Number of protein chains: 2
Amino acid sequence: MQDLLFEFISKYISLSNDEKNALLSLDLFRSVKKGTVLLKEGQNSKESYFVLKGCIRTYYVMEGEEKTTAFYTEMEAFTPPCVINKTPSENYISCLEDSLLLVSNSEMEEEVNSKFPKFDIMCRMFSEELLAKQRIDFDEFKTSSPEQRYLNLLQNRPDLIQRVPQYQLASYLGMKPQSLSRLRARILEKKS
Amino acid sequence: MQDLLFEFISKYISLSNDEKNALLSLDLFRSVKKGTVLLKEGQNSKESYFVLKGCIRTYYVMEGEEKTTAFYTEMEAFTPPCVINKTPSENYISCLEDSLLLVSNSEMEEEVNSKFPKFDIMCRMFSEELLAKQRIDFDEFKTSSPEQRYLNLLQNRPDLIQRVPQYQLASYLGMKPQSLSRLRARILEKKS
DNA sequence: TGTATTTCTTAACTTAAGTGAACGAGTTGA
DNA sequence: TCAACTCGTTCACTTAAGTTAAGAAATACA
């Protein structure tokens, strides 16, 4: 499992054995059961997550309704905005499947980064990359219709459609569950 | 004008006079006329932008139509995804008003960062902050209706509604110009 | 295994956004 | 100054999403 982590890191920087051991000594690995809530609205958290195996989702509760806005699966990372802004969280994070995560703490990160400036460079590269990726996702979302967004998802992340309940997919795609259901029926109709 | 830059930077790190001079010697300031196209679809660019004064916008051309996805105004920065991914650009960037920009080059940035690791830390902090901000914007977009998105914009960035043509605002809000026009009329109606 | 709960689908109806077209105000440029 | 454009608005019509409700299907769990 550690290999996955080092393989990921090697895309950005190369690590000495010393550095690898320093990382491992931080005891970042955490195994989490399906349904576990990692963060609640109103909490002050300093934790960032990296998914080695499984899936976590972020959602808001608005007028009693869950609005899912993102899923993070294998080799994806998420730092909640509340950690960056040092404000109470506006959303929830929960585990969609039994998962294996890396959980890091922003204070500990700072400490490590100051000891190994290399990590700082990696974090910069990684967050620049995420920023660009998220920008493209956002642009695609803005410029397409709900139906087109579903078709895009089918293309780009077919796994999500399998592993995620439909009512969560719906708000992820910016619509109501009933609309997603209808839209899927419409697409099947068209095909035949 | 340099003061604005240094004031901005001071939110993240503190600079010695040496470092300030190193920055200034890079000759980053560029004054740009309204309508200037800074980046075209298909181009390979290495430029990042920081707006000191004025406004730039990013847009796609899809089936002959412009789809505006973002505006950047005073003290906001933008690095096109194509610079990060080293791929041809999918979108355009143009100047909405006569503007004063900081234009930096990714190669030059790397050089400066390796000379002044402090800059690297600043870039990491800044892009983490942008990532969190953009995440919140994206979530807000997903979870609201077109009308609600317009009302939110009215709250959060009333300046944009003044300085940006409506047909560009429309696609920024994920709808057609006619819909925005109608929706505005509807809101006025409600108020009275 | 059977019951309770959650999730998905369907349907009828309402509301809002997309589409195509026309018009007027404002701007640009020959 | 006048013709050509651009931009915003309005309108009639179409299409799709929101809403409410009901029932079927799948899942959880006692």
Side-chain angles (χ1 to χ4, degrees), chain A residues 33-37 55 57 59-68 71 92 94-98 141-154 160-192, chain B residues 33-37 55 57 59 61-68 71 94-98 141-154 160-192:
Chain A
K33 276 258 161 291
K34 172 175 178 172
T36 307
V37 176
C55 180
R57 74 181 242 268
Y59 60 98
Y60 296 74
V61 175
M62 293 166 144
E63 293 150 32
E65 256 186 63
E66 281 186 13
K67 305 263 191 175
T68 299
F71 301 100
Y92 295 76
S94 89
C95 242
L96 220 99
E97 308 167 352
D98 290 352
F141 194 95
K142 273 189 184 172
T143 56
S144 24
S145 67
E147 179 169 335
Q148 196 54 56
R149 294 201 285 261
Y150 175 75
L151 292 171
N152 288 341
L153 193 67
L154 210 52
L160 271 193
I161 295 181
Q162 297 311 316
R163 65 208 286 197
V164 169
Q166 211 137 308
Y167 73 99
Q168 291 174 10
L169 269 185
S171 50
Y172 178 68
L173 293 169
M175 64 183 110
K176 303 286 161 181
Q178 297 92 319
S179 299
L180 178 54
S181 185
R182 171 171 44 196
L183 173 162
R184 280 158 51 95
R186 198 165 62 216
I187 289 171
L188 280 178
E189 194 67 21
K190 278 184 197 164
K191 273 195 194 157
S192 59
Chain B
K33 277 257 161 292
K34 173 178 177 170
T36 307
V37 176
C55 180
R57 75 183 240 266
Y59 60 98
V61 175
M62 293 165 145
E63 294 151 32
E65 255 185 65
E66 281 186 13
K67 306 263 191 175
T68 299
F71 300 101
S94 89
C95 243
L96 219 97
E97 307 168 352
D98 290 351
F141 194 95
K142 273 188 183 172
T143 56
S144 26
S145 66
E147 179 168 332
Q148 196 53 55
R149 294 201 285 261
Y150 175 76
L151 292 171
N152 287 341
L153 193 68
L154 210 53
L160 271 193
I161 295 182
Q162 296 309 317
R163 65 210 285 199
V164 169
Q166 211 138 310
Y167 72 99
Q168 291 174 11
L169 269 186
S171 50
Y172 178 68
L173 293 169
M175 65 183 107
K176 303 284 161 185
Q178 296 94 316
S179 299
L180 178 54
S181 186
R182 172 172 41 196
L183 172 163
R184 279 158 51 94
R186 199 165 61 217
I187 290 170
L188 280 178
E189 194 66 22
K190 280 184 196 166
K191 273 196 195 156
S192 60

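In this text the structure is predicted, and so the values were computed from the model without any measurement. Chain identifiers are assigned alphabetically (A, B, ...) following the order of the sequence lines, protein sequences preceding nucleic acid strands; residue numbering begins at 1 within each chain.
Remark: the backbone N or O of B:K33 is not paired with any side-chain donor or acceptor of B:D98 at under 3.5 angstrom. Not one N or O on the side chain of B:S94 forms a donor-acceptor pair closer than 3.5 Å with the backbone of B:V37.
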Contact pattern, 5' to 3', of nucleotides 24-30 of chain D - B, S or - by protein heavy atom under 4.0 Å: -------

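Spacing between atom OH of A:Y150 and atom C1' of D:dA17 amounts to 17 Å, rounded to whole angstrom units. Atom pair A:Y167:OH and C:dT5:P shows a separation of 16 Å (rounding to whole Å applied). The distance between atom CZ of A:R184 and atom P of D:dA17, rounded to the nearest whole Å, is 14 Å.
Evaluation of the side chain to side chain donor-acceptor pair (under 3.5 Å) rule for B:Y172 yields no partner, not counting sequence neighbours. With sequence neighbours left out, B:Q148 forms a side chain to side chain donor-acceptor pair (under 3.5 Å) with B:N152. Checked against side chain to side chain donor-acceptor pair (under 3.5 Å), A:Y92 has no partners two or more places apart in sequence or in another chain.
Between the NZ atom in A:K67 and the OH atom in A:Y59 there is a gap of 14.5 Å [rounded to 0.5 Å].
Under a cutoff of 6.0 Å and an axis angle of 45°, B:R149 and B:F141 form a cation-pi pair.
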Just the atom pairs and distances: protein N or O near nucleotides 13-20 of chain C's N or O, under 3.5 Å.
{"from": "C:dA17", "atom 1": "OP2", "to": "B:R186", "atom 2": "NH1", "distance (Å)": "3.0"}
{"from": "C:dA17", "atom 1": "OP2", "to": "B:R186", "atom 2": "NH2", "distance (Å)": "3.0"}
{"from": "C:dG18", "atom 1": "OP2", "to": "B:K176", "atom 2": "N", "distance (Å)": "3.3"}
{"from": "C:dG18", "atom 1": "OP2", "to": "B:S179", "atom 2": "OG", "distance (Å)": "2.6"}
{"from": "C:dG18", "atom 1": "N7", "to": "B:R182", "atom 2": "NH2", "distance (Å)": "3.0"}
{"from": "C:dG18", "atom 1": "O6", "to": "B:R182", "atom 2": "NH1", "distance (Å)": "3.1"}

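Taking 4.0 angstrom as the limit, A:Q166 places a side-chain polar atom (N or O) nearer than this to OP1 or OP2 of C:dT9.
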Let me have the donor-acceptor pairs involving side chains of residues 160-170 of chain B, under 3.5 Å, with sequence neighbours excluded, atom names and distances please.
{"from": "B:R163", "atom 1": "NE", "to": "B:E97", "atom 2": "OE2", "distance (Å)": "2.8"}
{"from": "B:R163", "atom 1": "NH1", "to": "B:E74", "atom 2": "OE1", "distance (Å)": "3.2"}
{"from": "B:R163", "atom 1": "NH2", "to": "B:G54", "atom 2": "O", "distance (Å)": "3.2"}
{"from": "B:R163", "atom 1": "NH2", "to": "B:E74", "atom 2": "OE1", "distance (Å)": "3.4"}
{"from": "B:R163", "atom 1": "NH2", "to": "B:E74", "atom 2": "OE2", "distance (Å)": "3.3"}
{"from": "B:R163", "atom 1": "NH2", "to": "B:E97", "atom 2": "OE1", "distance (Å)": "3.0"}
{"from": "B:Q168", "atom 1": "OE1", "to": "B:R57", "atom 2": "NE", "distance (Å)": "3.4"}

